[in-house]
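Because the structure is a prediction, the values reported are computed rather than measured. Naming convention: chains lettered A, B, ... in sequence-line order (proteins, then strands); numbering from 1 in each chain.
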Number of protein chains: 2
Amino acid sequence: MSKPIAPASPTESLRATGARVTGARVAILSLLTQANRALSHRDVEQALANEHVDRVTVYRVLDWLTSEGLAHKIADDERVFRFSAVGKHDDPHAHFKCRTCGDVFCVPTGSTPKLNLPAGFKSEEVELNIKGTCARCAG
Amino acid sequence: MSKPIAPASPTESLRATGARVTGARVAILSLLTQANRALSHRDVEQALANEHVDRVTVYRVLDWLTSEGLAHKIADDERVFRFSAVGKHDDPHAHFKCRTCGDVFCVPTGSTPKLNLPAGFKSEEVELNIKGTCARCAG
DNA sequence: GATGTCACTGCAACAGCGTTGCATTATCAT
DNA sequence: ATGATAATGCAACGCTGTTGCAGTGACATC
């Protein structure tokens with residue numbers, strides 16, 4: 001009964017990296033997977049307040065998840081990094097930042113725009129950031 | 001001999017705001033206008049090292065220029081803000097960040113991409129960030 | 001050109017996010 | 001069960017950006 005289509009659970013994803021599966025890593029990756037928005041370090045720290053996870057460990061796990069390709073690290077315009085689990089966001093997507101509540105959501109994008117870069121410039125990654133008002137704050 | 005087509009000089013632009021035209025403001029706006037890339041606070045501070053301009057003044061002038069519409073403030077993924085003079089960049093443009101040297105350039109974009117936002121989300125501004133290698137670092 | 005007002009500057013101290021070093025702990029292979 | 005070592009916790013630090021307040025300099029007025 002293999003499940004090739006089902007998304008990997010956090011623990012399975014961690015196991016697949018070959019590194020150690022620790023409580024902090026499971027907790028943080030689970031959190032990112034369940035969240036419907038990109039979480040800041042502070043968000044994660046508060047959510048894990050009951051689990052005695054050190055600030056520094058949160059930073060290290062988030063960066064490690066990013067380096068393993070299990071999370072995306074995006075820069076906010078509040079000088080904060082935000083993280084979202086990958087997997088459900090494999091498709092090209094943009095980041096929507098609500099100017100009222102500050103939350104960042106991932107939204108799918110149809111196509112990436114054409115670019116006319118100056119000679120010699122090589123594009124490796126294109127990031128689309130939208131700013132506006134989210135449904136909750138608008139409604 | 002009016003010059004309606006010529007771009008306003010930094011001093012003229014400052015004068016037009018109605019606020020005081022100070023040495024720091026002229027120096028910083030001139031710097032931004034001449035630069036071919038977006039400058040960080042540190043860039044500005046170093047360039048003005050001989051002029052005895054305080055760190056805090058640089059921050060305040062940069063933010064003030066932004067609020068007056070004379071400069072754009074963009075968030076970098078190094079937890080730094082970068083500023084570029086507006087005027088030559090009135091057209092819609094994207095920001096190209098070189099992963100090697102870290103410099104940020106403004107590049108023109110043909111059209112903004114179509115977006116299918118979730119219900120209730122209102123877009124107010126779209127920002128396009130490209131990451132890659134700049135001409136100097138590639139060559 | 002002199003004078004007064006208040007916007008702007010400089011200085012100092014602070015705040016927040018993220019990083020580094022090192023001793024300790026806990027995961028996993030054996 | 002045991003040992004190697006990856007990962008954690010703790011403490012101290014660094015950097016970007018902010019705030020409060022006293023002093024100065026730009027500009028309007030005379």
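Distance CZ (Arg79(A)) to C1' (dG17(D)): 5 Å, rounded to an integer number of Å. Remark: P of dC15(D) and CG of Asp76(B) are 17 Å apart, rounded to the nearest angstrom. The separation between Lys73(B) atom NZ and dT18(D) atom C1' is 11 Å, rounded to whole Å. Summarising the geometry, the separation between CD on Glu78(B) and C1' on dC15(D) is reported as 12 Å, rounded to the nearest angstrom. A straight line from OH of Tyr59(B) to P of dT9(C) spans 16 Å, rounded to a whole angstrom. We find that CH2 of Trp64(A) is positioned 10 Å from C1' of dA7(D), with the value rounded to whole Å. Rounded to whole Å, the distance from CZ on Arg25(A) to C1' on dG9(D) is 15 Å.
For the salt bridge (charged side-chain N to carboxylate O under 4.0 Å, His left out) criterion with Arg82(A), the lone passing option out of Asp77(A), Asp76(A), Asp103(A) is Asp76(A).
Residues Tyr59(A) and His41(A) place their aromatic rings such that the two centres sit under 6.0 Å apart. Aromatic ring centroids of His72(A) and His95(A) lie 6.0 Å or more apart.
Along DNA chain C, the nucleotide nearest to Arg15(A) and the one nearest to Arg82(A) differ in position, and the one closer to the 5' end is contacted by Arg82(A). Checking Arg20(B) against Arg60(A), the closest nucleotide of DNA chain D that is more toward the 5' end is the one next to Arg60(A). When the nearest nucleotides of DNA chain D are assigned to Val80(B) and Val61(A) by heavy-atom distance, the more 5′-ward of the two goes with Val61(A).
Using a 4.0 Å cutoff on non-hydrogen atoms, no part of residues 39-46 of chain B comes near DNA chain C. For DNA chain C, the residues of residues 50-57 of chain A within the heavy-atom distance limit of 4.0 Å (strictly under) are Arg55(A), Val56(A), sorted by number.
More than 12 non-hydrogen atoms from other residues, nucleotides or ligands lie less than 6.0 angstrom from CZ of Arg99(B).
Following chains of ILVMFWY side-chain contacts shorter than 4.5 Å, one can reach Phe105(B) starting from Leu128(B), so the two form part of one hydrophobic cluster.
Between the CG atom of Asp43(B) and the CZ atom of Arg37(B) there is a distance of 4.5 Å, given to the nearest 0.5 Å.
Judged by distance alone, with hydrogens and angles left aside, the side-chain atoms of Arg25(A) form a donor-acceptor pair with the main-chain N or O of Arg20(A) at under 3.5 Å. Under a 3.5 Å cut-off, the side chain of Glu12(A) and the backbone N or O of Ser9(A) do form a donor-acceptor pair. The backbone N or O of Leu62(B) lies less than 3.5 Å from a partner atom in the side chain of Thr66(B), making a donor-acceptor pair.
Taking only side-chain nitrogens and oxygens, Thr22(A) never comes nearer than 4.0 Å to OP1 or OP2 of dA26(C).
Looking at heavy-atom distances under 4.0 Å, Asp63(B) makes contact with sugar-phosphate atoms alone, never a base.
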